[in-house]
Amino acid sequence: ELAMLFAIPNAAKRSYAVATYMKAEGMKSGLPDICLPIARGGYHGLFIEMKHGRGKTSEHQAAWLEALFRQGYAAHVVYGFDQAVSIITSYLKGA
């Protein structure tokens, strides 16, 4: 199941031309960083927004997390690798 875990590369710095192209292709501002499209524990899948230090979610990120949750997805903000592993492990156990 972890083979289906993937990153959503929205955060990278890009040139104006590349950013314009990616938006035209469907890139959305604020989309969480990680997706695990495995149904578990009554959820359709798991989305994770990664933060570090005192990082806070932007308005776009908070809106995405809330919208995903309302649509039946587990959606979390985590601070670092260890917390991400804990959330993913717990999610896959159905907890």
Side-chain angles (χ1 to χ4, degrees):
E1 292 169 320
L2 286 177
M4 294 187 70
L5 182 73
F6 63 92
I8 300 168
N10 275 2
K13 300 291 183 198
R14 297 177 176 86
S15 69
Y16 178 78
V18 171
T20 300
Y21 171 79
M22 290 185 76
K23 280 187 178 185
E25 288 290 304
M27 183 178 76
K28 301 283 185 180
S29 177
L31 197 60
D33 298 310
I34 297 173
C35 179
L36 180 61
I38 301 291
R40 195 66 98 244
Y43 294 105
H44 302 305
L46 170 66
F47 283 88
I48 295 176
E49 175 62 33
M50 298 290 297
K51 296 292 179 192
H52 60 87
R54 293 184 175 189
K56 304 282 185 200
T57 55
S58 70
E59 285 185 37
H60 288 284
Q61 291 168 334
W64 265 108
L65 292 167
E66 177 62 27
L68 289 163
F69 180 75
R70 285 193 319 265
Q71 292 299 316
Y73 292 90
H76 298 273
V77 177
V78 302
Y79 291 84
F81 176 81
D82 291 337
Q83 193 176 14
V85 169
S86 178
I87 291 290
I88 293 167
T89 302
S90 179
Y91 178 81
L92 287 173
K93 289 180 180 176

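The first residue in the sequence is number 1, and the count goes up from there.
Under the 4.5 Å side-chain heavy-atom criterion for ILVMFWY residues, no single connected hydrophobic cluster contains both Val85 and Ile88. Under the 4.5 Å side-chain heavy-atom criterion for ILVMFWY residues, a single connected hydrophobic cluster contains both Phe6 and Leu68. Cluster annotation: Leu65 is not connected to Met50 through the hydrophobic network of ILVMFWY side chains, with a link wherever side-chain heavy atoms come within less than 4.5 Å. If you chain together hydrophobic residues whose side chains sit under 4.5 Å apart, Phe81 and Ile48 never meet in one group.
The side-chain heavy atoms of Leu92 and Leu2, taken from C-beta on, include a pair separated by under 4.5 Å. Side-chain contact between Tyr73 and Cys35 is absent, with no heavy atoms from C-beta onward closer than 4.5 Å. Considering only heavy atoms from C-beta on, Leu5 comes within 4.5 Å of Ile34 through its side chain.
Once rounded to the nearest 0.5 Å, the distance linking CD1 of Ile8 with CE of Met27 reads 12.0 Å. Note: Ser86 OG to His76 NE2 = 10.0 Å, rounded to the nearest 0.5 Å. Atom-to-atom distance recorded for Leu36:CG and Phe47:CZ is 9.5 Å, nearest 0.5 angstrom.
Annotation: side chain to side chain donor-acceptor pair (under 3.5 Å) contacts involving residues 34-47, sequence neighbours excluded, comprise Glu1-Arg40.
In this structure, Tyr79 contributes its side chain and Gly55 its backbone to a donor-acceptor pair below 3.5 Å. A donor-acceptor pair under 3.5 Å links the side-chain atoms of Thr20 to the main chain of Tyr16, judged by distance alone.
Between Gly30 and Trp64, the shortest heavy-atom distance links the atoms C-CD1, 3.3 Å. The two residues Ile38 and Met4 make their nearest non-hydrogen contact at CD1-SD, 3.5 Å. Across Gln61 and Lys51, no two heavy atoms sit closer than the pair OE1-NZ, 2.9 Å.
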